[in-house]
Structure formats: structure tokens, C-alpha cells
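Just so we're on the same page: letters track the sequence lines, and every chain starts at 1.
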Amino acid sequence: MRRVTVYDSMDREVRAFAPRTPPRVGLFVCGLTPYDEAHIGHARTFVFFDVVARALTRWGYRVFSVQNVTNLDDKLIDRAAESDEDPLVLADRHFLTWRIAAERLGIRSVNYYPYATDYTPEILTQIEALVHRGFAYPSAGSVYFEVAKFPGYGKLSGQRTEALRPGARVEVDPAKRSPEDFVIWKAATPGEPSWESPWGPGRPGWHVEDTAITLRLLGARYDIHGAGLDLIFPHHESEIALAEAATGESPLVNYWMHAGLLTMKGEKMSKSLGNVYALSTALDEFGPMVLRFFYLNAQYRSPLEFVRGKSLEESREAYATLALPAHRIAEIVERDGPERAGEPLPDDLASEAESLVDRLDETLAEDFNTREAIALLFGWSRRLGALLERLADYDGDALAELGAPYDWGREVLGLFERVGEGRAGAWAKLVPVAIAARARARARGDFAEADRIRDELLGAGIRLEDHAAGSRWSFARTD
RNA sequence: GCCGAGGUGGCAGAAUGGUUAAUGCGACGGACUGCAGAUCCGUUUCCUGGGGGUUCGAUUCCCUCCCUCGGCUCCA
């Protein structure tokens with residue numbers, strides 16, 4: 001297993017990664033509350049943790065990745081009430097939409113997406129333990145966690161509870177003993193989904209859902225907890241308190257990884273600010289590869305600025321440059337097969353390709369520096385760009401070696417997938433016919449007809465480019 | 001107010017106690033082309049928020065100030 005370093009938000013430093021029981025790695029990422037459609041800010045976090053799981057898997061770890069679904073909370077209930085719908089059904093619908101988008105994005109590393117409400121028994125068990133141990137108290141049909149009883153509260157966020165402004169944004173609940181206490185079991189309101197409990201009908205609070213799920217699936221202590229950094233306080237702080245108080249074991253998590261937020265004009269992209277760009281729209285307009293490239297083209301902890309009408313357009317150009325040799329190699333191999341005859345690869349290129357793959361692993365293993373890895377890949381694409389027209393001279397083995405860095409990118413970063421391929425079959429016979437007709441028109445000097453054919457194909461989503469070796473075609477938009 | 005993360009070229013965005021501070025986009029010039037596009041070659045010397053300090057040397061480490069953003073019981 002490769003030496004990997006990870007920035008831990010608890011210690012605020014980069015540390016060597018050492019899972020508790022190698023090669024196993026338990027990874028938990030806070031998932032969506034699916035009360036509405038996902039936007040491109042959400043996807044940044046999930047694409048990043050997909051890369052974390054892919055990379056660790058490549059390096060010999062066995063990753064078990066869990067992403068919870070908060071399928072019942074105040075927001076869902078409010079939103080459902082507007083449309084006179086069952087909040088659980090509403091959550092189900094939006095979650096499915098998210099899963100489809102995630103699939104398009106190539107997020108395939110998540111092993112399990114537990115629904116919070118499926119863990120009500122575990123949640124109740126944990127709440128009972130907390131009450132029994134004196135960390136939580138029932139009040140007015142709800143149960144609250146008493147923050148003062150857990151001295152470690154604040155160790156992740158640096159927040160001291162006495163410094164918080166009670167009621168700064170939410171009215172103080174009179175049922176609490178202290179304003180910093182938080183609800184872990186919420187007394188039922190008529191008409192809302194509820195479960196029976198020793199304290200009467202109710203539903204789980206937010207933080208306790210995650211700790212009940214991770215205790216069950218990943219144990220009292222596990223390796224990595226990831227999410228966007230807006231969840232550090234109060235959510236993750238409270239998770240630590242709940243889990244460690246309930247089990248008596250510490251620390252809950254060995255590595256806290258927090259992804260930077262996607263911003264627009266410097267501000268966080270969020271529903272409440274109204275500055276969102278829907279994920280499905282972005283996928284329709286730019287395709288998944290461009291989006292993945294955009295996210296991974298920055299260090300994950302930095303804020304990433306999204307400028308509408310610019311960022312993804314720029315990424316599209318850059319990604320096209322980056323991926324061109326990868327696609328060209330794949331096309332040749334696909335056409336002639338991996339055994340194709342040709343020249344062998346010169347030694348210098350072969351060793352360059354091989355050492356590049358080593359450097360890619362090394363670079364990414366330093367706190368998942370996807371940006372530096374992409375910079376290395378750009379270097380390779382520029383190298384191959386100079387011999388783009390010569391690629392077809394090489395034999396199958398040579399092409400495999402030249403393509404190795406891109407294979408790495410495909411495996412770990414999820415880039416270089418040729419997502420338009422599914423539609424290629426229908427066009428594969430027709431387009432060459434059109435190209436031949438156009439070549440004849442050009443040969444006889446009938447450029448009006450040549451342009452007409454090119455325009456007609458473009459209208460159908462096929463782009464033609466003329467090269468010395470003949471015309472080449474591609475999908476004008478991939479999806 | 002408190003806690004946290006940031007401030008790098010026209011733009012996005014890396015890195016590092018030390019030769020010309022990545023990479024990409026854009027721009028400009030050239031090659032190629034019927035045109036376009038793509039590609040290739042070249043150029044883009046003046047970019048590390050302000051002020052102190054440590055050091056032979058700081059963008060990097062320390063102090064301080066300014067600014068922006070996130071969180072302060074909804075949030076990826």
C-alpha cells in the first residue's frame with residue numbers, strides 16, 4: 001500500500017494516513033437532504049470523495065463507502081406541505097434524480113446510501129444510551145443533548161459554546177435547559193411522519209441520524225468522515241459529541257476531510273442565496289467530463305469560484321486539449337484492436353510514460369492533489385500533441401503504453417470516459433458516407449456543397465474537422 | 001462579536017525556505033487550410049493584500065493590520 005497523506009481538519013495539518021484495520025478503510029460522507037434538485041456545488045464534494053475512494057482502492061485499500069440520505073427533516077416537511085405531498089415521497093423523488101445525475105457524473109464508488117428513517121431503531125437505541133448515561137434529557141416530548149455534559153464539545157470547530165450567540169438565527173427553544181443544547185428526538189407534530197418512542201411519537205433530529213448509521217455500519221470508530229466544510233459546525237461537532245458520549249470510545253473519526261465550497265461572486269452557492277446552477281442543467285450543457293474536470297482542476301480544500309458563462313466554457317476548452325490524445329489513442333485501438341501492427345514505441349517515450357504514472361500516484365497521494373495530477377497530464381498531452389498524426393504508426397503495445405497515463409486518469413479521476421459512445425453506432429456508418437461525398441465535392445472545387453454537408457452534419461450534432469489524413473468527426477456535444 | 005478558511009498574472013488556479021513562481025483559459029504572432037475548425041510552434045519580461053520580524057535568502061515560518069468568504073443550531 002502506498003504512503004498517503006491526508007489533511008485532517010481536526011488537527012489542522014497534513015498527516016500520514018493509517019487506517020485502523022488496513023487494508024480496510026471506512027469512509028462516511030454526509031449526503032444530501034433531497035428537498036430540492038442538487039446544484040453544482042453539491043456535486044463538487046461528492047465528485048471529490050469519489051476520487052478519494054477510487055484512489056485508495058487503486059493503492060490497495062479496501063474502501064467501504066457510505067453516504068447517508070437525510071430523507072426527513074424540517075425542510076423536507078415544509079417543502080412537502082407546499083405541494084401537499086408526503087415528505088418521504090418527495091425525498092425519494094429528489095434522491096432518485098440525484099442518483100441519476102451522480103451516475104452520469106461517474107460517481108460509482110459509494111457502496112451504500114442508507115436512508116435515515118430506515119435506522120430509527122438504531123437511533124432510538126443511541127438516544128436511550130445517551131439518556132441513560134446522563135448526556136441527554138427528555139423535555140416536552142422531545143429529547144435534547146446536553147452540551148455542557150460533554151467537555152470535548154468544540155474540539156473540531158474551535159467553537160466555545162459560551163461564545164455562541166444564542167438565538168442569533170433561530171429562536172431559542174424554551175424546552176431546552178441551555179440554549180446550546182440540541183434536539184436529538186423531536187416530538188411529533190400532527191400530520192407529520194412519526195415513530196413511537198419511550199418519549200412519545202416523534203422523529204429523529206439531524207445529527208443523531210448520522211451517528212446511528214455510522215455506529216451500525218462503520219463501528220464506534222472509523223477512518224474518514226467527509227463533507228463540505230459548511231457542515232463542521234454544528235453538525236460534525238455534534239456528531240462527535242453524540243457518538244463519543246454514547247459509546248464511550250474516542251475518537252469517533254481518525255481523519256476529518258472537508259471540501260471547500262463552490263462560490264459564485266465569492267459567495268457560497270446555495271438555495272437560500274438563490275445563486276444556484278442546477279446540476280442537471282450543467283450536465284446537459286457541458287457533459288459530465290467537463291464538470292469533473294472543473295472540480296478536480298482545483299485543490300479540494302480551496303474555495304472554487306464558478307462564473308456563469310465562463311468557468312465551464314473554459315473547462316470545456318481545457319479538457320478538450322487534455323483529452324484529445326487520449327481519445328485519439330482509444331479510437332485507433334477501437335478500430336484496429338489491441339494487437340494492431342505498427343512500430344514499437346521508442347524507449348524514451350516508454351519510460352517517460354511509465355514514470356509519469358508513478359509521479360501521478362505520488363502526487364495524488366499527497367492529500368489528493370488532483371490539480372497537480374492534472375497539470376502533469378497536461379504535460380503528457382502536450383508531448384503527445386506534437387506527434388498526434390504519428391500515433392497511427394505505432395503498434396498496439398506502444399499505444400497501450402502511451403495511453404497508460406490516461407488510463408490512470410480514467411481509473412482515478414474518472415476523466416477520459418467517452419460518454420458519447422453509446423450513440424456512436426448509429427452514426428458510424430452514415431458519417432463516413434457523408435465525408436466521402438464531401439471529399440468529392442472539395443476535390444472538384446464545389447466548396448458550397450462541401451460547406452453545406454458540414455453544416456448539415458453539425459445541425460445533427462456531428463462536427464467535422466479536416467486534417468491532412470482526411471476528415472475526422474466527433475459529437476458536437478457529448479453527454 | 002466569537003470560531004474557521006482564504007487573499008498569487010487579464011481570468012481560473014497550483015507549488016515551494018533558494019536558479020527564469022506550475023498548469024490551463026484568454027490574447028498576440030507564425031505554420032497548416034479553399035474557408036472554418038482543430039492541431040503544432042513561439043510570445044504574453046513588470047503577478048504572491050499592507051506593514052513589521054526571523055533568515056545569507058520569505059510567496060512560504062512568526063507577529064500585526066486590512067479585505068473577502070464560511071459557520072454561530074437549515075446547508076455539500
Side-chain angles (χ1 to χ4, degrees), chain A residues 9 12 29-33 35 38-49 67 70 73-75 78 147 154 156-173 176 179-183 205-207 226-235 237-238 258-263 265-273 293-294 297-299 301-307 310-311 313-322 324-325 369-372 374-379 382 385-389 442 445-447 450-451 454 458 463-468 472 474:
Chain A
S9 328
R12 302 202 178 94
V29 177
C30 288
L32 287 174
T33 301
Y35 70 97
H39 57 67
I40 58 171
H42 298 123
R44 179 191 187 191
T45 299
F46 299 116
V47 165
F48 171 68
F49 285 105
Q67 213 168 96
T70 305
D73 83 335
D74 291 351
K75 237 177 201 171
D78 292 348
V147 169
L156 175 66
S157 61
Q159 292 276 7
R160 290 167 304 144
T161 51
E162 61 269 28
L164 301 181
R165 286 182 166 179
R169 289 168 66 182
V170 170
E171 278 184 45
V172 176
D173 180 346
K176 292 179 181 180
E180 74 263 22
D181 295 350
F182 57 86
V183 68
W206 180 29
H207 316 306
L229 57 74
D230 53 346
L231 295 189
I232 291 175
F233 189 89
H235 187 46
E237 197 68 66
S238 301
H258 289 104
L261 301 182
L262 191 76
T263 59
K265 295 187 182 134
E267 290 180 314
K268 168 184 173 181
M269 177 175 287
S270 74
K271 295 265 160 50
S272 41
L273 290 168
F293 175 87
F294 171 62
N297 205 206
Q299 221 284 348
R301 283 184 278 126
S302 307
L304 175 59
E305 175 72 5
F306 173 75
V307 182
K310 187 161 183 299
S311 298
E313 286 76 0
E314 183 180 313
S315 292
R316 179 163 56 195
E317 293 307 314
Y319 177 70
T321 303
L322 181 69
L324 182 71
N369 194 336
T370 54
R371 181 59 189 94
E372 280 293 292
I374 286 176
L376 289 173
L377 286 169
F378 265 112
R382 205 159 61 162
L387 38 106
L388 215 50
E389 300 305 329
R442 292 171 74 202
D446 187 354
F447 297 118
D451 289 350
R454 187 167 63 190
L458 188 60
R463 182 169 42 218
L464 286 192
E465 291 161 18
D466 297 333
H467 296 268
R472 192 166 282 134
S474 58

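In this structure, A:R472 atom CZ and B:U39 atom P are separated by 11 Å, rounded to whole Å. Note: CZ (A:F293) to C1' (B:C25) measures 9 Å, nearest angstrom. One atom, CZ of A:F306, and another, C1' of B:C25, lie 15 Å apart when rounded to the nearest Å. In this structure, A:K310 atom NZ and B:G26 atom P are separated by 10 Å, rounded to whole Å. Following rounding to the nearest Å, A:E237 (CD) and B:C2 (P) show an atom-to-atom distance of 19 Å. One atom, CD of A:E389, and another, C1' of B:U33, lie 13 Å apart when rounded to the nearest Å. Atom CD in A:E317 sits roughly 10 Å away from atom C1' in B:G26 (whole-Å rounding). Atoms CD (A:E313) and P (B:G24) sit 20 Å apart, rounded to a whole Å.
In terms of polar N and O atoms assigned as donor or acceptor, the side chain of A:R316 never comes within less than 3.5 Å of the base of B:C25 in a complementary pairing. One can find a donor-acceptor pair under 3.5 Å joining the base of B:G34 and the side-chain atoms of A:D451. In the interface, the side chain of A:E314 is paired with the base of B:G24 through a donor and an acceptor atom under 3.5 Å apart. A:D466 contributes a side-chain N or O that forms a donor-acceptor pair with the base of B:C35 under 3.5 Å.
Taking each heavy atom of A:L32 and A:A38 in turn, the nearest pair found is CD1-CB, 4.1 Å. The shortest heavy-atom contact between A:F233 and A:Q159 is CD1-CG, 3.8 Å.
Looking at heavy-atom distances under 4.0 Å, A:H235 makes no contact with the nucleic acid at all. Here A:G41 lies in heavy-atom contact (under 4.0 Å) with a base. At a threshold of 4.0 angstrom between heavy atoms, the contacts of A:R44 with the nucleic acid are absent. Residue A:G31 is in sugar-phosphate contact alone, with no base atom involved, counting any heavy-atom pair closer than 4.0 Å across all strands shown. Among the protein residues, A:L304 comes within range of the sugar-phosphate backbone only, with heavy atoms under 4.0 Å from sugar or phosphate atoms but none that close to a base. Using a 4.0 Å heavy-atom criterion, one finds that A:A318 contacts the sugar-phosphate atoms exclusively. Using a 4.0 Å heavy-atom cutoff across all strands shown, A:S9 reaches no nucleic acid atom at all. Within 4.0 Å (heavy atoms only), A:S302 reaches sugar-phosphate atoms of the nucleic acid but no base atom. In this structure, A:L261 reaches the bases: a heavy-atom distance under 4.0 Å links it to at least one base atom across the strands shown. Nucleic acid contact for A:L322: none, since no nucleic acid atom lies under 4.0 Å from a heavy atom of the residue.
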For this session: Start with the C-alpha distance between A:F46 and A:Q67, add both sets of side-chain angles, then the distance that settles side-chain contact (heavy atoms from CB on, under 4.5 Å), and finish with yes or no.
Result: CA-CA 9 Å; A:F46 299 116; A:Q67 213 168 96; 3.4 Å; yes
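A gap of 24 Å separates the P atoms of B:U64 and B:C56, to the nearest Å. The C1' atoms of B:A36 and B:G49 are separated by 45 Å, rounded to the nearest whole Å. Between B:A21 and B:U60, the two P atoms lie 15 Å apart (nearest whole Å). One P atom belongs to B:G1, the other to B:C28, and the distance between them is 47 Å to the nearest Å. For the P atom pair drawn from B:U48 and B:G9, the interatomic distance equals 7 Å after rounding to whole Å. Spacing of P atoms, B:C11 relative to B:C65, comes out at 29 Å, to the nearest Å. Only the C1' atoms considered, B:U44 is 14 Å distant from B:G24, to the nearest whole Å. B:A27 and B:G34: their C1' atoms are spaced 27 Å apart (whole Å).
Distances from the side chain of A:A375 to the nucleotides B:A76, B:U73, B:U23 place B:U23 closest. Of the candidate nucleotides B:G6, B:A38, B:A76, B:A38 has the atom nearest to the side chain of A:E465. Considering only the side chain of A:Q159, B:C2 comes nearest among B:U73, B:U23, B:C2. In the set B:G24, B:A14, B:G71, B:G24 carries the atom at the smallest distance from any side-chain atom of A:F378. Checked against B:G13, B:U73, B:U23, the side chain of A:E305 finds its nearest nucleotide in B:G13. Listed candidates were B:U39, B:A76, B:G37. Nearest to the side chain of A:H467 is B:G37. Here B:A5 is the nucleotide among B:U73, B:C40, B:A5 with the atom lying nearest to any side-chain atom of A:R12.
Using bins of under 30°, 30° to 60° and over 60° for the plane-to-plane angle, the ring pair A:H207/A:F182 lands in the perpendicular bin.
The nearest heavy atom of RNA chain B to A:R442 and to A:S238 marks one nucleotide each, and the one closer to the 5' end goes with A:R442. Each of A:A298 and A:G158 has a nearest nucleotide on RNA chain B; the 5'-most of these lies closest to A:G158.
Once rounded to the nearest 0.5 Å, the distance linking CZ of A:R472 with CG of A:L464 reads 11.5 Å. A:H42 NE2 to A:L262 CG: the interatomic distance, rounded to the nearest 0.5 Å, is 10.5 Å. Between the OG1 atom in A:T45 and the CG atom in A:L229 there is a gap of 8.0 Å [rounded to 0.5 Å]. The distance from the CD atom of A:E305 to the CE atom of A:M269 is 9.0 Å, given to the nearest 0.5 Å.
A salt bridge is defined here as a Lys NZ or Arg NE, NH1 or NH2 lying under 4.0 Å from an Asp or Glu carboxylate O, and A:D78 with A:K75 fails to meet this definition.
The shortest side-chain heavy-atom distance between A:F293 and A:I374 falls under the 4.5 Å cut-off. Within the 4.5 Å cutoff, side-chain heavy atoms of A:R454 are placed close to those of A:D466.
In RNA chain B, runs of at least 3 consecutive Watson-Crick or G-U pairs, each pair with both distances below 3.5 Å, span B:1-7 with B:66-72, B:10-12 with B:23-25, B:26-31 with B:39-44, B:49-53 with B:61-65.
In this view, A:E372 and A:T363, A:N369 satisfy the side chain to side chain contact (heavy atoms under 4.5 Å, CB included) rule, not counting sequence neighbours.
The side chain of A:N297 contributes no N or O atom lying less than 4.0 Å from OP1 or OP2 of B:A14. Distances shown here put a side-chain N or O of A:T321 below 4.0 Å from the OP1 or OP2 atom of B:U39.
Counting only distance, with no hydrogens or angles, the side chain of A:R371 and the backbone of A:N297 share a donor-acceptor pair below 3.5 Å. Distance alone, capped at 3.5 Å, is enough to place a donor-acceptor pair between the A:E237 side chain and the A:G154 backbone.
A distance cut-off of 5.5 Å between ring centres, combined with a plane angle under 30°, places A:F447 in a stacking arrangement with the base of B:G34.
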Problem set entry | Protein-to-nucleotide contact annotation, 5' to 3' order, nucleotides 59-69 of chain B [B base; S sugar-phosphate only; - none; under 4.0 Å, heavy atom] | ----------S
